Student: 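Before anything else, here's the structure in question.
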Amino acid sequence: MLTYERIYAVVRQIPRGQVATYGQVAELAGLVGKPRLVGYALYRVDMTSDVPWHRVINAKGEISQSPLRYGNDYRQRSLLEDEGIAFDQGGRLDLGQYRWRPPDTVIEQALAVLRETLDEEP
DNA sequence: CAGATGACAAGAT
DNA sequence: AATCTTGCCATCT
């Protein structure tokens with residue numbers, strides 16, 4: 001519960017018109033090297049919540065597909081296009097152009113979480 | 001309590 | 001360039 005809440009807290013900070021990768025969100029949530037957890041967390045997110053789940057994509061600049069999403073992957077692309085993001089014919093966007101550069105305040109929060117988790121482990 | 005379940009990423013082939 | 005390993009773990013039943 002706490003872990004997923006941290007992930008959602010990071011995703012909520014991604015501004016409109018920009019995107020972050022799963023790995024990037026993981027790092028900012030204090031889960032370095034565990035990008036899959038972000039995918040697991042987003043699978044369970046409530047689409048009507050205030051979490052902008054559509055702004056998280058994979059490291060290749062693509063929307064991660066899954067048959068179990070029943071069309072929400074297509075909806076994700078549509079939402080991003082509404083925010084002014086363009087896709088090429090391969091279904092990819094330009095990470096160099098749209099990737100979110102987190103402000104120092106967000107990085108500070110991430111470091112605080114890291115110190116916290118270091119205290120827990122012996 | 002044990003097993004199943006999921007939106008990833010980097011490296012090797 | 002495309003496909004195949006491997007590491008990763010909180011939730012749900």
Side-chain angles (χ1 to χ4, degrees):
Chain A
M1 177 74 90
L2 186 65
T3 301
Y4 282 6
E5 285 305 320
R6 286 213 308 270
I7 291 172
Y8 299 146
V10 170
V11 175
R12 271 190 279 261
Q13 319 237 42
I14 307 171
R16 182 184 168 81
Q18 298 182 45
V19 297
T21 65
Y22 295 93
Q24 187 180 357
V25 171
E27 288 177 13
L28 293 172
L31 301 166
V32 182
K34 300 167 184 158
R36 300 202 76 177
L37 283 186
V38 177
Y40 300 153
L42 288 181
Y43 175 76
R44 292 174 167 83
V45 80
D46 178 9
M47 282 190 40
T48 64
S49 74
D50 60 336
V51 178
W53 53 271
H54 59 283
R55 296 183 188 139
V56 183
I57 62 172
N58 68 31
K60 294 180 291 194
E62 300 169 327
I63 289 169
S64 287
Q65 310 284 326
S66 167
L68 298 175
R69 296 216 288 162
Y70 294 105
N72 284 337
D73 38 15
Y74 178 77
R75 174 169 165 71
Q76 179 172 4
R77 171 169 173 159
S78 166
L79 286 169
L80 290 176
E81 285 174 333
D82 286 347
E83 300 188 356
I85 293 178
F87 289 82
D88 65 18
Q89 55 275 41
R92 320 175 102 170
L93 56 80
D94 184 359
L95 274 176
Q97 180 178 358
Y98 300 115
R99 189 204 283 273
W100 175 44
R101 269 79 174 186
D104 291 344
T105 56
V106 173
I107 296 177
E108 280 298 330
Q109 294 169 15
L111 291 175
V113 171
L114 278 180
R115 283 191 292 268
E116 205 173 289
T117 54
L118 281 180
D119 284 344
E120 295 170 1
E121 301 175 30

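Since we're looking at a predicted model, the values are computed, not measured. Throughout, a chain's letter reflects where its sequence line sits, starting with A, and its residues are numbered from 1.
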Student: Could you see if A/Val19 belongs to whatever hydrophobic cluster contains A/Val106? Use Ile, Leu, Val, Met, Phe, Trp, Tyr and a side-chain cutoff under 4.5 Å.
Tutor: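 They do not share one cluster, since no chain of ILVMFWY contacts under 4.5 Å joins A/Val19 to A/Val106.
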Student: After noting the C-alpha distance and the side-chain angles of A/Leu28 and A/Gln13, does the key distance pass the side chain to side chain contact (heavy atoms under 4.5 Å, CB included) rule?
Tutor: CA-CA 11 Å; A/Leu28 293 172; A/Gln13 319 237 42; over 6 Å; no
Student: What is the distance, to the nearest angstrom, from the CD atom on A/Glu27 to the C1' atom on B/dC8?
Tutor: 13 Å
Student: Any base atoms under 4.0 Å from A/Ile63, or only sugar-phosphate, or nothing? Heavy atoms, all strands.
Tutor: nothing
Student: Relative to the 5' end of DNA chain C, which residue comes earlier, A/Lys34 or A/Lys60, by the nucleotide with the nearest heavy atom?
Tutor: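 The residue whose closest nucleotide sits nearer the 5' end is A/Lys60.
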Student: Nearest-Å distance, CD1 (A/Ile57) to P (B/dA9)?
Tutor: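 One finds 9 Å between P of B/dA9 and CD1 of A/Ile57, rounded.
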Student: Calculate the interatomic distance between A/Ile7 atom CD1 and C/dA10 atom C1'; express it in whole Å.
Tutor: 9 Å
Student: Between B/dA4 and C/dC8, how far apart are the C1' atoms? Round to whole Å, please.
Tutor: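 Result for the C1' pair: 16 Å, nearest Å.
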Student: Nearest-Å distance, CD (A/Gln76) to P (B/dC8)?
Tutor: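 From A/Gln76 CD to B/dC8 P: 11 Å.
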Student: Tell me the interatomic distance from A/Gln89, atom CD, to C/dA1, atom C1', rounded to whole angstroms.
Tutor: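 Spelled out: CD on A/Gln89 to C1' on C/dA1 is 15 Å.
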Student: Could you tell me the separation between the CD atom of A/Gln65 and the CG atom of A/Asn58, rounded to the nearest 0.5 Å?
Tutor: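 Reported to 0.5 Å precision, the distance equals 9.0 Å.
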Student: Could you give the distance from CG (A/Asp73) to CG (A/Leu68), rounded to the nearest 0.5 Å?
Tutor: 10.5 Å
Student: Could you say whether A/Pro35 or A/Glu5 is positioned toward the 5' end of DNA chain C, judged by the nucleotide with the nearest heavy atom to each?
Tutor: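 Comparing both residues, the 5'-ward one is A/Pro35.
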Student: If you only use heavy atoms from C-beta on, which nucleotide in B/dA10, C/dA10, B/dC8 is closest to the side chain of A/Leu37?
Tutor: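 Closest nucleotide to the A/Leu37 side chain: C/dA10.
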Student: How far does the P atom of B/dG6 sit from the matching atom of C/dG7, given to the nearest Å?
Tutor: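 To the nearest whole Å, 22 Å.
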Student: Any N or O donor-acceptor pair under 3.5 Å from the base of C/dG7 to the side chain of A/Arg36?
Tutor: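 Looking at the base of C/dG7, it does pair with a donor or acceptor on the side chain of A/Arg36 (distance under 3.5 Å).
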Student: Looking at A/Tyr4, is A/Arg44 sitting on its ring face, NZ or CZ under 6.0 Å from the six-membered ring centre and within 45 degrees of the normal?
Tutor: no
Student: Starting at OH of A/Tyr4 and ending at C1' of B/dT5, how long is that distance when rounded to a whole Å?
Tutor: 10 Å
Student: Counting side-chain heavy atoms from C-beta on, which of B/dA9, C/dC9, C/dA10 comes nearest to A/Thr3?
Tutor: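 The nucleotide sitting nearest to the side chain is C/dA10.
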Student: Nearest-Å distance, CG (A/Asn58) to P (B/dA10)?
Tutor: 10 Å
Student: Rounded off to whole Å, could you give me the CD-to-C1' distance for the A/Glu62 and C/dA2 pair?
Tutor: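 The distance from CD of A/Glu62 to C1' of C/dA2 comes to 12 Å, rounded to the nearest Å.
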Student: For A/Tyr40 and B/dG6, is the gap between ring centres under 5.5 Å while the planes differ by less than 30°?
Tutor: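 Here the ring of A/Tyr40 and the base of B/dG6 are stacked, with centres under 5.5 Å and planes under 30°.
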